[in-house]
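The structure displayed is predicted, hence computed values, not measured ones. Because only heavy atoms are used, hydrogens play no part in the values below, and waters and symmetry mates are left out as well, while side chains stay in.
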Amino acid sequence: MALLTRRSVLTGLGFSTIIGTTAGLVLSPSFRDLVLGSGEKLAYQTHRLIGRNALAPEFTEADMSPDFRTNGNTMPKSSDYQRHMETNFANWQLQVDGLVSAPKSFTLVALKAMPARTQITRHDCVEGWSAIGKWTGVPLSALLSHVSLLPAARYLVLHCADDFGGDAYYESIDLVDAFHPQTILAHTMNDQPLSVGHGAPLRLRVERQLGYKQAKYIMRIEATATLAATGLGKGGFWEDQIGYDWYAGI
C-alpha cells in the first residue's frame with residue numbers, strides 16, 4: 001500500500017500547481033486553513049505513526065542527479081558572511097545556544113572532525129522539482145550532546161546568513177526530527193565541500209521534509225520552548241510570509 005503523503009493528498013485534490021509557485025502566491029485564509037492545514041496535520045501524524053526513526057529512501061551513487069540545481073538565495077549579502085567566504089570559512093563558527101546548559105561554538109574544522117553520516121537522498125522542492133544528491137555531515141543529535149538540552153526545550157530554530165529583502169532567513173524543527181538519524185548538518189555534497197550556492201559552509205538536511213526546511217548558511221542554532229517569538233510565530237520564514245506549512249512532511 002502506498003504511503004499517503006502531504007504531496008499526494010494535495011496533488012489528488014488538484015492543488016499541485018498552486019503550492020508549486022512562490023511568486024505571486026495568494027491563498028485565502030479559508031483555503032490555507034482547510035486544505036493546507038489538513039495536509040500539514042496528515043503529514044505530521046503519518047510520520048509520527050510510522051515511527052520516529054522511519055527513514056526516508058536512500059539511493060546509490062548511480063542514482064545521483066547529474067545536475068543538482070541551486071534554489072532560493074545563492075549568495076548571502078551579509079558582510080560577515082562575505083568575509084568568512086573570502087577566508088574559506090577559516091574563522092567561521094556555529095553558535096548553539098538557547099535552552100541548553102552548555103552553550104558552545106563550533107568551528108568548521110571541529111565539525112568536520114566529528115563522526116559523520118553520509119546519505120544519498122532525494123531533495124523535493126515545493127516548486128515541483130527534485131534531485132538526488134549525496135550529503136555528508138554531523139548528525140544533529142551528536143552535536144546536541146555537546147550542549148545538553150534543558151528539559152524545557154521543544155524546538156530548534158536555525159538562524160541563517162541569507163536574507164530576503166533584508167529579513168534574515170530562519171527555519172525550525174522539533175526535537176523528534178532533530179534526533180532523527182538522517183537529520184544532519186551537511187558540510188559536504190557529492191564528496192566535495194559544500195558550495196556557496198548550496199549553502200556553505202553548513203546546511204540542514206532533514207530528509208522527510210520539503211526543500212525549504214533544509215536551511216542553508218546556518219550561523220546559529222537556538223533551542224527554544226516555543227516558536228511564538230520566532231519571526232511572526234509560525235516557525236519559519238516562508239511559513240510567516242506566505243503561509244507555507246511548518247512541518248512540510250513528504
Verdict with supporting geometry, D174 and R154, salt bridge (Lys or Arg N to Asp or Glu O under 4.0 Å)
CA-CA 6 Å; D174 67 15; R154 294 291 181 271; over 6 Å; no
T121 and E207: CA distance, side-chain angles, deciding distance, side-chain hydrogen bond (donor to acceptor under 3.5 Å, both in side chains) verdict
CA-CA 7 Å; T121 53; E207 301 296 352; 3.0 Å; yes
With a 4.5 Å heavy-atom cut-off, do L108 and N88 have their side chains touching?
no
Do the charged groups of K213 and E239 touch, with an N to O distance under 4.0 Å?
yes
When you measure from the side chain of Q192 to the backbone N and O of T188, does any donor-acceptor pair fall under 3.5 Å?
no
Between T107 (side chain) and A110 (backbone), is there a donor-acceptor pair under 3.5 Å?
yes
Using the salt bridge (Lys or Arg N to Asp or Glu O under 4.0 Å) rule, take D162 and K216 through it: C-alpha gap first, then chi angles, then the decisive distance, then the call.
CA-CA 8 Å; D162 58 327; K216 302 191 294 185; 6.0 Å; no
Between Y155 and W246, what is the ring plane arrangement, given parallel below 30°, perpendicular above 60°, and tilted in between?
perpendicular
Taking atom CG of D167 and atom CG of D240, what is their separation to the nearest 0.5 Å?
10.0 Å
Check whether any side-chain N or O of E222 sits under 3.5 Å from a backbone N or O of H159 as a donor-acceptor pair, and report yes or no.
no
Show the nearest heavy-atom pair for residues C160 and A215, with the distance to one decimal.
SG-CB, 3.8 Å
With clusters defined by side-chain heavy atoms of hydrophobic residues (ILVMFWY) lying less than 4.5 Å apart, directly or transitively, does M114 cluster with L204?
yes
side-chain contact (heavy atoms from CB on, under 4.5 Å) test vs I221 passes for just one of V157, D97, L140, namely L140
Closer than 3.5 angstrom, by distance alone: can the side chain of H198 be matched with the main-chain N or O of N71 as a donor-acceptor pair?
no
Testing Y169, Y81, Y170 one by one against Y217 for a ring pair (Phe, Tyr, Trp, His ring centres under 6.0 Å), which residue passes?
Y81
Run the side chain to side chain contact (heavy atoms under 4.5 Å, CB included) test on F59 and R122 for me, step by step, so that the C-alpha distance in whole Å, both residues' side-chain angles and the decisive distance to 0.1 Å come before the verdict.
CA-CA 8 Å; F59 301 86; R122 189 181 68 202; 3.9 Å; yes
Value for CZ (R208) from CG (D124), rounded to nearest 0.5 Å, stands at 14.0 Å
Smallest separation among heavy atoms of A168 and F237, with atom names
O-CD1, 3.8 Å
Hey, does the side chain of Q209 reach the backbone of I173 with a donor-acceptor pair shorter than 3.5 angstrom?
no
With rounding to the nearest 0.5 angstrom, report the CH2 to OG distance, W129 to S65.
9.0 Å
Heavy atoms only: give me the nearest M189-F68 pair and the separation to one decimal.
CE-CG, 3.4 Å
State whether the side chain of D245 and the backbone N or O of A248 hold a donor-acceptor pair below 3.5 Å, judged by distance alone.
no
Are M75 and L194 connected in a single hydrophobic cluster, I mean Ile/Leu/Val/Met/Phe/Trp/Tyr linked by side-chain heavy atoms less than 4.5 Å apart?
no
Same cluster for L227 and L144 if Ile/Leu/Val/Met/Phe/Trp/Tyr side chains link at under 4.5 Å?
no
Donor-acceptor pair, side chain of Q182 and main chain of A56, under 3.5 angstrom
yes
For R117, look at atom CZ and say whether over 12 heavy atoms of other residues, nucleotides or ligands are found less than 6.0 Å away.
yes
Between S148 and S101 (side chain of the first, backbone of the second, donor and acceptor by atom type, cut-off under 3.5 Å), is there such a pair?
no
Shared ILVMFWY cluster between L150 and V147, side chains joined below 4.5 angstrom?
no
Is there a path of hydrophobic side-chain contacts, each under 4.5 Å between heavy atoms, that joins M219 and Y212?
no
Could you give me the CA-CA distance, side-chain angles and deciding distance for I184 and V138, then say whether side chain to side chain contact (heavy atoms under 4.5 Å, CB included) is met?
CA-CA 5 Å; I184 65 174; V138 182; over 6 Å; no
Give the C-alpha distance, both sets of side-chain angles, the deciding distance and a yes or no for side chain to side chain contact (heavy atoms under 4.5 Å, CB included) between I120 and E58.
CA-CA 5 Å; I120 300 176; E58 295 193 18; 5.6 Å; no
Pair M85-W92, side chain to side chain contact (heavy atoms under 4.5 Å, CB included): steps then yes or no:
CA-CA 9 Å; M85 188 177 64; W92 171 93; over 6 Å; no
P76 backbone acceptor or donor facing Q82 side chain under 3.5 Å
yes
Tell me whether the centres of the aromatic rings in W238 and F164 are closer together than 6.0 Å.
yes
I'd like to know if the side chain of K234 reaches the main chain of G243, judged simply by a donor and an acceptor atom lying under 3.5 Å from each other, with no hydrogens or angles considered.
no
Heavy atoms only: give me the nearest L156-A178 pair and the separation to one decimal.
CD1-CB, 3.6 Å
To the nearest 0.5 Å, tell me how far L202 CG sits from Q93 CD.
13.0 Å
Find the distance between CZ (F106) and CG (L185) and round it off to the nearest 0.5 Å.
10.0 Å
Pairwise side-chain contact, L55 with P181, heavy-atom cut-off 4.5 Å (strictly under):
yes
Heavy-atom pair of closest approach, residues Q214 and V206:
OE1-N, 2.7 Å
Is the closest basic N to carboxylate O distance between D67 and R69 below 4.0 Å?
no
As a test of understanding, state which of D191, T118, N190 forms a side-chain hydrogen bond (donor to acceptor under 3.5 Å, both in side chains) with K134.
D191
List the atom of R203, the atom of H123, and the distance in Å for their closest heavy-atom pair.
NH2-CE1, 3.9 Å
With rounding to the nearest 0.5 angstrom, report the CD to CD1 distance, E61 to I132.
12.5 Å
